[in-house]
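Scroll down for the structure; my scribbles are underneath it.
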Amino acid sequence: MRLGNEKGAATLSVILLISGITMELAIAGVIIAMLVSNTAFSSRLSADALAVARAGAQDAELRIVRDKNFISSGYFEPPGCVLNGSVPCARVVVEKDSGTSCSQPISSGQDCIVSLGTAFTRNRKVEAILGVDSISGKINALSLKEIPL
């Protein structure tokens, strides 16, 4: 009679061991799936932030095309958006002849556009330097680059 009880105890121990291992593998799988999903989501947000930063710089270029004397200490595109909010947003600064917001010095006849794009928690920054002829209003794009944050 004692042999039957020991046999059941051994079987129970093996079942518990196998259940524990299976549970650990399932939890590890869920964690790996979450990490992969978060990485893809972060990449998407980063791409969205760069796209909105570029769109902000293009919007500023259009404003300069319409008014060669356009400057701004900062406006939001789309209007009314909030940086790091739930909607992608850009804060655009346009400086003329001497840029304090630019990563490089600009000279007379040049405009600097700095556009900070955000998508939820991701931020990307784009800078454009334009040559603007004060007489004809002709605009030349001198540089467009992403600035590391």
Side-chain angles (χ1 to χ4, degrees), residues 10-149:
T11 303
L12 181 61
S13 297
V14 170
I15 289 173
L16 288 175
L17 179 64
I18 291 172
S19 297
I21 291 171
T22 304
M23 207 54 144
E24 287 180 15
L25 289 173
I27 290 171
V30 168
I31 290 171
I32 289 171
M34 286 175 51
L35 289 174
V36 168
S37 175
N38 283 342
T39 301
F41 184 64
S42 291
S43 294
R44 173 59 192 235
L45 288 177
S46 186
D48 288 350
L50 181 59
V52 78
R54 286 182 177 164
Q58 288 175 344
D59 178 76
E61 286 179 36
L62 288 173
R63 291 176 188 227
I64 293 168
V65 165
R66 291 184 195 124
D67 175 9
K68 67 180 182 254
N69 295 314
F70 177 79
I71 59 170
S72 173
S73 60
Y75 68 92
F76 292 94
E77 192 59 43
C81 68
V82 177
L83 292 178
N84 293 322
S86 60
V87 175
C89 181
R91 182 175 187 279
V92 184
V93 175
V94 179
E95 297 177 331
K96 189 170 246 358
D97 298 330
S98 64
T100 56
S101 296
C102 280
S103 65
Q104 58 187 322
I106 61 171
S107 59
S108 179
Q110 292 181 338
D111 288 4
C112 176
I113 301 168
V114 178
S115 178
L116 174 65
T118 67
F120 195 51
T121 58
R122 296 291 180 250
N123 300 316
R124 303 285 287 271
K125 190 176 192 180
V126 172
E127 179 180 278
I129 307 293
L130 305 177
V132 181
D133 187 315
S134 62
I135 297 169
S136 69
K138 182 180 176 184
I139 295 173
N140 293 320
L142 302 175
S143 75
L144 174 65
K145 63 182 178 179
E146 183 177 0
I147 306 298
L149 294 174

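Atom CZ in R91 sits 7.0 Å away from atom OG in S73 (nearest 0.5 Å). The OG1 atom of T22 sits 11.0 Å away from atom CD1 of I27, with the distance rounded to the nearest 0.5 Å.
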Distance-only check: which donor-acceptor pairs under 3.5 Å involve side-chain atoms of residues 131-144, not counting sequence neighbours?
from	atom 1	to	atom 2	distance (Å)
D133	OD1	I135	N	2.8
D133	OD1	S136	N	3.1
S136	OG	K138	N	3.2

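Not a single donor-acceptor pair under 3.5 Å links the side chain of N84 to the backbone N or O of T121. Proximity of a side-chain donor or acceptor of E77 to a complementary backbone N or O of A55 within less than 3.5 Å is not detected.
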_If you apply the rule side chain to side chain contact (heavy atoms under 4.5 Å, CB included), what do you find for F76 with V82, and how did you get there?_
CA-CA 8 Å; F76 292 94; V82 177; over 6 Å; no

*Carefully, step by step, assess L116 and L149 under the rule side chain to side chain contact (heavy atoms under 4.5 Å, CB included).*
CA-CA 10 Å; L116 174 65; L149 294 174; 4.1 Å; yes

*Could you please spell out the steps behind the side chain to side chain contact (heavy atoms under 4.5 Å, CB included) verdict for V52 and T118?*
CA-CA 7 Å; V52 78; T118 67; 5.9 Å; no

*Going through the checks in order, is the side chain to side chain contact (heavy atoms under 4.5 Å, CB included) test met by K96 and V94?*
CA-CA 7 Å; K96 189 170 246 358; V94 179; over 6 Å; no

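The two residues I147 and E127 make their nearest non-hydrogen contact at CG1-CB, 3.6 Å. Residue R122 comes nearest to S46 through the heavy atom pair CG-N, 3.8 Å, listed as atom of the first residue, atom of the second, then distance. In plain terms, the two heavy atoms of T100 and E95 that are nearest each other are N-OE1, 2.8 Å. Closest approach of S101 to V114, counting heavy atoms only: O-CG2, 3.7 Å. Closest non-hydrogen pair, C89 versus P78, comes out as CA-CD, 4.5 Å. Residue G117 comes nearest to A53 through the heavy atom pair N-CB, 3.6 Å, listed as atom of the first residue, atom of the second, then distance.
Annotation: side chain of S72 is not in contact with side chain of V92 (no heavy-atom distance under 4.5 Å). Using a 4.5 Å heavy-atom cutoff, the side chains of K125 and N123 are not in contact. Residues I15 and S19 meet the side-chain proximity criterion, which asks for heavy atoms closer than 4.5 Å.
With sequence neighbours left out, the side-chain contact (heavy atoms from CB on, under 4.5 Å) criterion links S107 to Q110. Applying the side-chain hydrogen bond (donor to acceptor under 3.5 Å, both in side chains) test to D59 and every residue at least two apart in sequence or in another chain returns R63, Y75. Under the side-chain hydrogen bond (donor to acceptor under 3.5 Å, both in side chains) criterion, S43 pairs with no residue at all, not counting sequence neighbours. Under the rule for a side-chain hydrogen bond (donor to acceptor under 3.5 Å, both in side chains), Q58 has no partner lying at least two apart in sequence or in another chain. Applying the salt bridge (Lys or Arg N to Asp or Glu O under 4.0 Å) test to E61 and every residue at least two apart in sequence or in another chain returns nothing.
No option in C112, S103, P105 other than C112 meets the side-chain contact (heavy atoms from CB on, under 4.5 Å) test with I129.
The number of heavy-atom neighbours closer than 6.0 Å to CZ of F120, taken from other residues, nucleotides and ligands shown, is 12 or below. With a 6.0 Å radius and a threshold of 12 heavy atoms from other residues, nucleotides or ligands, I71 has its CD1 atom at or below the threshold.
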